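Note that these values count all heavy atoms, side chains included, but never hydrogens, waters or copies made by symmetry. Please read all numbers here as calculations on a predicted model, not as lab measurements.
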Amino acid sequence: MREYTPSSIESKWQAEWARREAFRAGRADGQKYYLLEMFPYPSGRIHMGHVRNYSIGDAIARFRRLQGFDVLHPMGWDAFGMPAENAAIKHKVHPAKWTRENIAYMREQLQKMGFSYDWKREVATCFPEYYRWEQKFFIELYRKGLAYKRMSVVNWCPACMTVLANEQVEQGLCWRCDTPVEAKELEQWFLKITAYAEELLADLDKLADGWPERVLTMQRNWIGKSVGAEIRFDVADSDESITVFTTRPDTLFGATFVSLAPEHKLVEKLIAGRPEAAAVQAFVARVKAMDKIERTAEGGEKEGVFTGAWAVHPLDGRRIPIWVANFVLAEYGTGAVMAVPTHDQRDFEFSAKYGLDRIVVVQPEGEPLEPAAMKQAWDGPGTLVRSGAFDGMPGDEAKWAIAAELEKQGKGKKSITYRLRDWGISRQRYWGAPIPMIYCAKCGVVPVPEDQLPVTLPEDVEFTGEGGNPLARNRSFYETACPTCAGPARRETDTMDTFMESSWYFLRYCSVDESQAPFKREDVDRWMPVDQYIGGIEHAVLHLLYSRFYTKALRDLGYIGADEPFARLLTQGMVIKDGAKMSKSKGNVVDPDELIGKYGADTARMFSLFAAPPEKDLDWSDRGVEGAHRFLNRLWNTIMTHRDAVLSAGPVQAAELDEGLKTIRRQVHKTLQKAAVDIGERFHFNTAIAAVMELLNALTDDLNRRGSLTGTAAAVYREAFTFLLFMLNPIVPHVTEELSAELGMAPLCDSRWPAADAEAARDEALEIPVQVNGKLRGKITVPVGTGRDALIALAQAEPTVRGWVEGKDVVKIVAVPDRLVNIVVKG
RNA sequence: GCCCGGAUGGCGAAACUGGCAGACGCAACGGACUUAAAAUCCGUUGUCCCGCAAGGGACGUGCGGGUUCGAUCCCCGCUCCGGGCACCA
């Protein structure tokens with residue numbers, strides 16, 4: 001008998017699938033199914049996280065094909081990014097070369113895994129054929145007012161003269177030279193994602209069926225809608241005024257001071273010429289010097305300083321002091337807060353520290369609140385007091401009444417604020433898509449004309465890691481002519497955030513060969529939205545939110561019809577080994593190549609899917625891998641041993657089967673039903689595999705008893721083996737193809753999932769537990785569908801049960817047909 | 001500090017809608033085959049107690065309560081672990 005040799009089987013079938021173009025989208029005439037896994041960054045080699053992610057996706061893709069769907073299952077490369085530039089600096093290799101070589105190597109690795117991609121649709125984002133469309137989108141967004149430029153703070157290393165990403169800042173120091181990182185203001189490009197805040201929030205409801213609840217929650221919190229009011233406080237003895245945002249306009253009469261963010265524009269004006277000026281400036285400088293992490297550190301101390309200026313309460317005319325406080329954020333709301341110590345905990349703490357006034361204006365039921373005796377702020381419901389005309393009004397009603405009054409007097413209005421901020425896309429780096437804009441001294445900011453796109457990256461660049469963006473030092477790149485006046489002009493040298501590429505790659509896959517447009521409308525209309533998207537939970541907010549925004553923006557530019565890119569989302573867990581995420585620094589990495597070399601791709605796929613359900617973290621175990629491999633060997637040996645007997649068998653004649661064969665066949669058909677649900681609906685491959693293992697165990701037991709296969713038994717086993725191969729095919733495609741060929745079947749990649757025979761799968765009898773007072777005391781075997789009364793009678797007749805019930809009062813009997821009987825007794 | 005998850009045998013897990021807790025796999029132990037080992041095959045395996053045995057009982061899903069005939073599952077209050085964070089007015 002032939003032995004199971006994964007390496008020869010796997011390369012044979014990979015070649016055969018390629019020859020047949022088995023995975024080309026548009027081949028079948030079934031309903032479309034767009035299955036997408038997040039594309040990888042070409043870092044050099046694939047890791048176990050990739051193996052897991054793509055094994056999950058491939059099992060679904062192959063199952064859908066078996067079901068007759070026309071499946072689009074593409075793969076590509078998120079190819080721009082910092083590591084390529086770092087490699088260029090370190091190893092003196094051009095980012096383009098480095099990236100191209102990595103892609104070639106990783107593509108081969110993925111092909112060795114036997115993933116069923118339509119490789120004709122491969123996309124790499126670093127090529128002009130891809131990013132030229134991104135440049136076109138950018139210009140159109142600019143024309144629509146959705147892309148704009150403004151000053152913004154970046155991490156700056158004064159020694160390297162370069163901008164650092166957050167991840168390049170380690171404890172406030174530059175990762176390369178340990179110089180303290182500075183905050184530096186640069187003019188940068190932004191996309192107005194905030195214009196879509198309301199739709200991005202509202203449409204999360206449309207995703208409720210297909211997305212994990214926690215991802216929806218995270219996105220909702222990220223968008224962070226707050227409904228409240230903007231209120232204007234005039235500055236006493238001045239023409240200036242301060243607008244605050246509050247979600248609690250009902251507490252307006254309790255405001256005893258105003259707090260400004262250290263970055264607030266008015267701070268300088270307010271302190272000019274006052275004795276407090278020096279102290280305030282020192283405080284502002286100190287807060288600004290703290291990096292973001294420090295400023296928001298655990299248990300952060302609330303600190304502030306009085307400006308010397310006073311504000312006038314908009315409704316009762318009281319003069320209240322204006323402070324600068326470290327916990328007020330310039331980017332949120334208006335950068336200014338009205339402080340109500342009695343009803344806001346932060347203000348309460350602040351007032352305690354600096355001895356500021358407290359006035360109670362919301363009185364809960366019961367004992368009146370006494371400001372001096374309060375241990376913490378009261379932010380619960382109550383009735384208004386000391387609030388002039390609004391006294392006696394419930395808080396939630398007073399909120400809008402006060403907002404309305406302010407609006408009438410021109411001192412405020414209802415307002416909605418989002419936490420979401422615009423998307424900064426400028427990167428002062430080489431290895432990205434150039435932002436297609438030109439600066440002319442005469443004409444200002446001018447987009448690159450469409451017929452001059454793409455703006456491509458120059459090749460003759462040196463990477464030293466010093467002196468900032470190489471593009472900004474490359475004269476032949478940045479020197480250009482103004483498209484409007486033809487005078488000398490300077491090209492934008494910033495490139496785009498790499499999230500720009502990943503925000504629309506799923507559209508490009510739909511018509512990857514199109515050269516006149518980013519994609520064909522009819523292709524996108526056919527395939528979009530992605531029916532199932534799969535990737536890591538770490539992308540729960542940024543990538544998934546940017547893609548949603550981009551989809552809506554492209555819809556409004558007239559490119560597509562879809563509102564949402566991803567109908568269903570599966571977030572898979574991390575791959576863990578020895579209690580920690582697999583990573584080079586921890587030295588607990590398992591190399592996929594080694595694994596494939598030793599056991600074959602099928603074993604790697606099988607273990608990845610068997611060890612845990614997709615959404616959970618997967619604990620790597622070398623022993624577990626061996627177990628998976630043992631199973632495949634067992635499958636191989638069992639089928640090959642009985643191949644000849646089964647090959648000569650005819651179809652199953654259900655009427656001729658004895659009880660033993662009927663039982664075997666019942667489990668075969670039940671398992672087929674379960675596998676279809678577990679693989680196709682729940683994506684719980686681990687339980688599907690467990691059920692198949694149970695089936696194989698049962699078949700083996702039966703075969704051991706039986707000795708050899710003849711007649712009707714051979715027919716039953718022919719069907720059993722056939723079904724086994726179908727059930728396992730999405731998970732271990734190579735070995736199942738080989739075995740199906742041995743059994744004379746058509747290639748599985750061209751076959752359809754068999755229909756389970758409901759009659760054959762039907763149970764005749766069931767074992768039902770009998771409880772007494774909720775504790776298991778016996779079991780009865782009854783025909784399926786036995787009614788309540790018969791069930792109760794049988795239960796009471798069961799000897800053990802009788803022993804527990806005898807001499808006691810039966811209070812109640814719960815009987816659920818086909819489930820259980822519970823007899824409740826007393827005494 | 002806030003937000004989001006999680007916790008079930010020696011280990012990974014299962015129990016899908018409130019109905020037999022621990023399927024399946026790993027590890028361990030015993031046996032068969034072998035000169036021997038590996039591989040393979042067969043069997044045992046939640047903890048504790050009674051029993052020579054067949055068998056039976058108690059306990060058991062992080063901890064403490066609650067709802068229910070019945071809770072791994074629902075509710076309240078905690079502990080620990082993991083991930084995220086932007087003091088959000």
Side-chain angles (χ1 to χ4, degrees), chain A residues 212-215 217-218 221-222 224-226 228 244-248 251 259 292-293 295-302 325-329 331-340 343-347 349-350 417-421 537-538 540-541 573-574 576 579-581 607 610-613 615-628 630-631 633-634 637 674 677-678 681-682 684 686-697 700-701 704 767-779 800 803 811-816 818-825:
Chain A
E213 187 55 45
R214 58 199 276 231
V215 175
T217 305
M218 282 159 107
N221 292 346
W222 191 268
K225 180 179 183 174
S226 290
V244 304
F245 172 76
T246 179
T247 53
R248 294 292 304 276
T251 64
S259 302
K292 260 191 229 158
I293 300 145
R295 204 168 149 184
T296 61
E298 193 165 314
E301 178 75 11
K302 288 166 186 52
N326 65 347
F327 65 88
V328 181
L329 301 176
E331 321 85 78
Y332 183 78
T334 59
V337 188
M338 69 173 200
V340 186
H343 304 299
D344 180 282
Q345 188 58 25
R346 278 162 317 192
D347 296 340
E349 286 168 31
F350 198 81
T417 294
Y418 299 90
R419 213 189 57 121
L420 184 69
R421 297 198 284 265
I537 185 73
E538 65 270 22
V541 176
M574 290 184 299
I576 304 284
K581 184 179 171 167
F607 176 74
F610 179 58
E615 64 275 11
K616 279 188 118 171
D617 285 349
L618 182 153
D619 213 0
W620 192 265
S621 141
D622 294 333
R623 299 286 203 173
V625 175
E626 285 170 29
R630 260 202 299 270
F631 171 78
N633 259 311
R634 202 152 57 228
N637 292 335
K674 180 174 168 59
V677 173
D678 283 356
E681 290 171 33
R682 298 208 306 150
H684 277 203
N686 56 329
T687 53
I689 293 169
V692 171
M693 285 174 166
E694 278 183 79
L695 176 60
L696 185 65
N697 290 345
T700 310
D701 283 351
N704 286 344
E767 199 178 44
I768 285 189
V770 181
Q771 301 178 334
V772 178
N773 286 350
K775 285 194 195 298
L776 180 69
R777 296 302 181 194
K779 289 182 180 183
T800 324
V811 179
K812 180 176 177 178
I813 298 177
V814 181
V816 184
D818 295 347
R819 262 276 149 74
L820 95 166
V821 178
N822 185 13
I823 303 172
V824 186
V825 297

When you compare [N] with [M], how far apart are their [atom1] atoms, in angstrom units rounded to a whole number?
N       : M       : atom1 : result
rA58(B) : rC52(B) : C1'   : 22 Å
rU72(B) : rC63(B) : C1'   : 15 Å
rC75(B) : rA27(B) : C1'   : 39 Å
rU61(B) : rG22(B) : C1'   : 9 Å
rA28(B) : rG19(B) : C1'   : 34 Å
rU8(B)  : rG60(B) : C1'   : 10 Å
rC41(B) : rG25(B) : P     : 11 Å
rU45(B) : rA36(B) : C1'   : 28 Å

Classify the nucleic acid contact of [X] as base, sugar-phosphate or nothing, counting any heavy atom under 4.0 Å across all strands shown.
X         : answer
Gly224(A) : nothing
Ser621(A) : nothing
Lys775(A) : sugar-phosphate
Lys674(A) : base
Glu767(A) : base
Asn686(A) : sugar-phosphate
Asn697(A) : sugar-phosphate

Would you say a side-chain N or O of Ser259(A) is under 4.0 Å from OP1 or OP2 of rA89(B)?
no

Listed pairs, N/O of protein and of nucleotides 65-70 of chain B, under 3.5 Å:
from: rC69(B); atom 1: O2'; to: Asn822(A); atom 2: ND2; distance (Å): 3.2
from: rC69(B); atom 1: O2; to: Asn822(A); atom 2: ND2; distance (Å): 2.5

Between Asp347(A) and Met338(A), which heavy-atom pair has the shortest distance, and what is it?
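Closest heavy-atom pair between Asp347(A) and Met338(A): OD2-O, 3.8 Å.
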
Can you see which heavy atom on Val328(A) is nearest to which on Ser259(A), and at what distance?
CG2-CB, 3.8 Å

Minimum-distance nucleotide (side-chain atoms of [X] versus [options]):
X         : options                   : answer
Pro613(A) : rA14(B), rG57(B), rG12(B) : rA14(B)
Phe610(A) : rG12(B), rA89(B), rG19(B) : rG12(B)
Arg682(A) : rC16(B), rC20(B), rA23(B) : rC16(B)
Val328(A) : rA89(B), rG25(B), rG12(B) : rA89(B)
Thr246(A) : rA14(B), rA89(B), rG25(B) : rA89(B)
Leu329(A) : rA89(B), rA14(B), rC20(B) : rA89(B)
Tyr332(A) : rA89(B), rG25(B), rC20(B) : rA89(B)
Asn704(A) : rA23(B), rG12(B), rC42(B) : rC42(B)
Thr700(A) : rA58(B), rC42(B), rC88(B) : rC42(B)

Pair partner, rG77(B) [Watson-Crick or wobble, under 3.5 Å]:
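Partner of rG77(B): rC63(B).
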
Filtered N/O pairs between nucleotides 2-7 of chain B and protein, under 3.5 Å:
from: rC3(B); atom 1: O2'; to: Asn221(A); atom 2: ND2; distance (Å): 3.4

Tell me if a side-chain donor or acceptor on Asp617(A) pairs with a main-chain N or O of Met574(A) at a distance below 3.5 Å.
yes

Asp344(A) versus Phe350(A): any side-chain heavy-atom pair under 4.5 Å?
no

In whole angstroms, how far is the [atom2] atom of [N] from the [atom1] atom of [X]?
X         : N       : atom1 : atom2 : result
Phe631(A) : rG12(B) : CZ    : P     : 23 Å
Gln345(A) : rC88(B) : CD    : P     : 11 Å
Arg777(A) : rG55(B) : CZ    : P     : 18 Å
Ile689(A) : rA13(B) : CD1   : C1'   : 13 Å
Phe350(A) : rA89(B) : CZ    : C1'   : 14 Å
Asp617(A) : rG83(B) : CG    : P     : 10 Å
Arg248(A) : rC88(B) : CZ    : C1'   : 15 Å
Leu618(A) : rC11(B) : CG    : C1'   : 14 Å

Starting at [atom1] of [X], measure out to [atom2] of [Y] and round the result to the nearest 0.5 Å.
X         : Y         : atom1 : atom2 : result
Phe631(A) : Ile689(A) : CZ    : CD1   : 8.0 Å
Asn686(A) : Lys616(A) : CG    : NZ    : 9.5 Å
Leu329(A) : Thr334(A) : CG    : OG1   : 11.5 Å
Thr251(A) : His343(A) : OG1   : NE2   : 6.5 Å
Leu776(A) : Thr800(A) : CG    : OG1   : 9.5 Å
Arg819(A) : Ile768(A) : CZ    : CD1   : 9.5 Å

Would Asn773(A) and Lys775(A) count as a side chain to side chain contact (heavy atoms under 4.5 Å, CB included) if you check the C-alpha gap in whole Å, the side-chain angles of each, and the deciding distance to 0.1 Å?
CA-CA 6 Å; Asn773(A) 286 350; Lys775(A) 285 194 195 298; 5.8 Å; no

What's the verdict on side chain to side chain contact (heavy atoms under 4.5 Å, CB included) for Phe327(A) and Val337(A), showing C-alpha distance, side-chain angles and the deciding distance?
CA-CA 10 Å; Phe327(A) 65 88; Val337(A) 188; 5.7 Å; no

Is the glycosidic angle of rG10(B) within 90° of 0, making it syn, or outside that range, making it anti?
anti

So which protein nitrogen or oxygen atoms get under 3.5 Å of nucleotides 27-34 of chain B's nitrogens or oxygens?
from: rA27(B); atom 1: OP2; to: Arg630(A); atom 2: NH2; distance (Å): 3.4

Answer yes or no: are there more than 12 heavy-atom neighbours, outside Arg682(A) itself, under 6.0 Å from its atom CZ?
yes

